[in-house]
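Structure first, then comments.
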2 protein chains.
Amino acid sequence: MATLKQVAAHAEVSVQTVSNALNAPHRLRADTLERVNRSIELLNYRPNRNARSLRTSAVELIGYCVPSWPNQTHLVMDQFLHALCAAAERTGRHILLFTAPGGVDGMPTYDDLHARRMVDGFVLSQTETHDPRHGWLKEQGIPFVSFGRVWKETTQPGPWVDVDGAAGSAMAVRHLYESGRRRIAFLGWPKSSGLGEDRVGGWRDACKDLGLPTTGLTVRCREDSIEEGARATARLLDAGRTVDGIVALSDILALGALRELTRRGLTPGHDVGVTGFDDSPLAEVVSPGLTSLRQPMDQIAEELITILTGSSNGSPVERLLRPELVIRGSSAPG
Amino acid sequence: MATLKQVAAHAEVSVQTVSNALNAPHRLRADTLERVNRSIELLNYRPNRNARSLRTSAVELIGYCVPSWPNQTHLVMDQFLHALCAAAERTGRHILLFTAPGGVDGMPTYDDLHARRMVDGFVLSQTETHDPRHGWLKEQGIPFVSFGRVWKETTQPGPWVDVDGAAGSAMAVRHLYESGRRRIAFLGWPKSSGLGEDRVGGWRDACKDLGLPTTGLTVRCREDSIEEGARATARLLDAGRTVDGIVALSDILALGALRELTRRGLTPGHDVGVTGFDDSPLAEVVSPGLTSLRQPMDQIAEELITILTGSSNGSPVERLLRPELVIRGSSAPG
DNA sequence: CTGAAAGCGCTTACAG
DNA sequence: CTGAAAGCGCTTACAG
């Protein structure tokens, strides 16, 4: 492996001239620059990142804790990671993956990675209600940005990027309304979920705006499974009232709705319009395809990296992005 | 941030005694060690990893290229990443994520990361037929290990860990046989897929061993979707012959089989036993639950890290692991 | 515009 | 068992 010194010797300049050629090329005379660049090329020189990091005390690495998977089926995590990686690379950075216990118990791991200078900062996700990580990191002065707000907190400890779940639900409602649906139900989660309350709120507001009924049209599922989605749908239909639209809080619940409708001889998309959330790989692969709200992953990732690596001059940055409605057969005009 | 020097001053020893306390504690007298450790604790000292890496030229970081997701729905990637991370951490290492173009076009990216000393080596996955990456990395002398063999190659360029797909299919066949099934079909992929041929081979061999028929019982699906799985199942059933068991090459195809069976008024598990592959989150979440072959992720990750970081003394290491049959309702005794 | 010097925070022989 | 010295490969002021 060639070093700066060897390149310098080959180009007959000093080491810092080579360093400047790399980091501040405008400081060199054109002919010197070209000569140095030729030597770099010829010797196939690549700067040693560890030496650089030691000197500058910046590693250009961003820590991300891989969620432990038994917790929750995170069907879009690979999309998120890919987008995050790509966004980081556009700024010359990379993602360092690590595992840590949940909640505040994981904080020593974060602290350690930062103290050893293995990462410059962190991207958080899987934010929970009253998530303690944000406050802790802020207190330690460790740079971070969160994908997801800290729910049920009036002031957010740090910068975040999130997707507007309420706006998403409202988009789904309006879409179903436009295809003629007038009794649109909501399949949700327990009230303890901040994300769940955000999404159900959007559904309720949109229905009221459009003069649609909401009473008796919400079912809260205990867990995020196809089975629960089907059961909830059955409960709705058994209540005797007509339902011609279902906005589900997740693709998984929506899949349950599709199954129950089919089982009863109803045609999803024709008799009842159904929408899901997150546009997971499943949405495309079922039949009829599931209309779903796509999280703008590339934009999310871009914003996260920009905020984390940008000059944090002043107050925390907060970015609420709109999801995109991807229309498929499950909500075809009735 | 405290440095070695400060700890040394505090403990009234030299810096290399502190270094030894950390890296070769047996060299210190017990009382010196304790004194040094107290200072380390007190000053909350954490060694700077970049300084260490510069000196030892080992970064304790393993590169993994995040697959670009439109390619293939990789439903168990988060499980894999979590297991890989955990295994790496058990040896004091971490995973560095990056993106790269597919095939040989991505090789400069690998080379660059290694040349800049940002990673010590790579874990590869998503191996393809005649995958050029293995040969390239080996030629450059860049350490790597592959999750997945290079298909249709007589000699493997480097070390690998893989799951025995043939054995998996055979396990599924025998399981269905034991619950009374006698006409067991296989839903597969095109012949161009090495992984597909591995799995269909295991099905064929097991059927022959058990004296079961195989002719007319294989359907090759063009893509890995629920729709294709359902269509293939329809073709099988329309052929007029009885089918009482279906071994599907993937969970997605198996889901298609379940749907088509249900559509025809057949009860999966009761009338026809169905199995999938990979035990993705879906398997647990559908109803009836899908019997599937779980890849032993923790063991896979452990072996990958051991091979990559171990002394590669001599010939490439090859490890073929058995999947585990997770039995659920879709294959309940008929 | 270019170069001699110092130093980032460690570890590795080696001498005592 | 402990310490003085050298050096890993860069970058950062600073002088010329």
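The sequence lines fix the lettering, A, B, ..., with proteins before strands; numbering per chain opens at 1. Given the structure is predicted, the values throughout are model-derived calculations rather than measurements. No hydrogens, no waters, no symmetry mates; every other heavy atom, side chains included, goes into these values.
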(Q) In whole Å, I'd like the distance from the CZ atom of B/R27 to the C1' atom of C/dT11. (A) 10 Å
Q.
Please pick, from C/dG3, D/dT2, C/dT12, the nucleotide with the shortest atom-to-atom distance to any side-chain atom of B/L28.
A. D/dT2
Q. Hey, is the side chain of B/N23 poking within less than 4.0 Å of OP1 or OP2 on C/dT11, counting only N and O atoms?
A. yes
Q. What is the distance from CZ of B/R52 to P of D/dG9, rounded to the nearest Å?
A. 17 Å
Q. For B/K5 and C/dA6, what is the distance between atoms NZ and C1' respectively, to the nearest whole Å?
A. 12 Å
(Q) What is the separation between atom CG on B/N48 and atom C1' on C/dT11, rounded to the nearest whole Å? (A) 13 Å
Q | Atom-pair distance (CG on B/L54; C1' on D/dA6), nearest Å | A | 13 Å
Q: Return no unless some side-chain N or O of B/T32 is found under 4.0 Å from OP1 or OP2 of D/dT2.
A: yes
Q | Options D/dT2, C/dT12, D/dT11, nucleotide nearest the side-chain atoms of B/R29 | A | D/dT2
Q. Between A/N20 (CG) and D/dC14 (P), how many Å, whole number?
A. 15 Å
Q. Pick one: which of A/H10, A/E34, A/Q6 meets side chain to side chain donor-acceptor pair (under 3.5 Å) with A/S39?
A. A/H10
Q) Does a nitrogen or oxygen in the side chain of B/S14 sit under 4.0 Å from OP1 or OP2 of D/dT2? A) no
Q | Given DNA chain D, 5'-ward residue of the pair B/A51 and B/V13, judged by closest heavy atom | A | B/V13
**Q.** Pair A/R322 + A/D164, salt bridge at N-O below 4.0 Å
**A.** no
Q. Does C/dA13 have a Watson-Crick or wobble partner in any strand here, with both distances under 3.5 angstrom, and which is it?
A. none
Q.
Measure CZ/B/R55 against P/C/dC10 and give the value in whole Å, please.
A. 13 Å
Q. When you look at NZ of A/K5, are more than 12 heavy atoms from neighbouring residues, nucleotides or ligands closer to it than 6.0 Å?
A. no
Q) Under a 4.0 Å N-O cut-off, is there an ion pair linking A/R46 with B/D112? A) yes
**Q.** Ring geometry between A/H134 and A/F144 (parallel below 30°, tilted from 30 to 60°, perpendicular above 60°)
**A.** perpendicular
Q. Quick one: is B/T17 getting a side-chain N or O under 4.0 Å of the D/dG3 phosphate, OP1 or OP2?
A. yes
Q) Is there a side-chain polar atom (N or O) of A/S19 under 4.0 Å from OP1 or OP2 of D/dT11? A) yes
Q) Between C/dT12, D/dC10, C/dT2, which one does the side chain of A/L4 approach most closely? A) D/dC10
Q.
What is the separation between atom CD on B/E12 and atom P on D/dT2, rounded to the nearest whole Å?
A. 14 Å
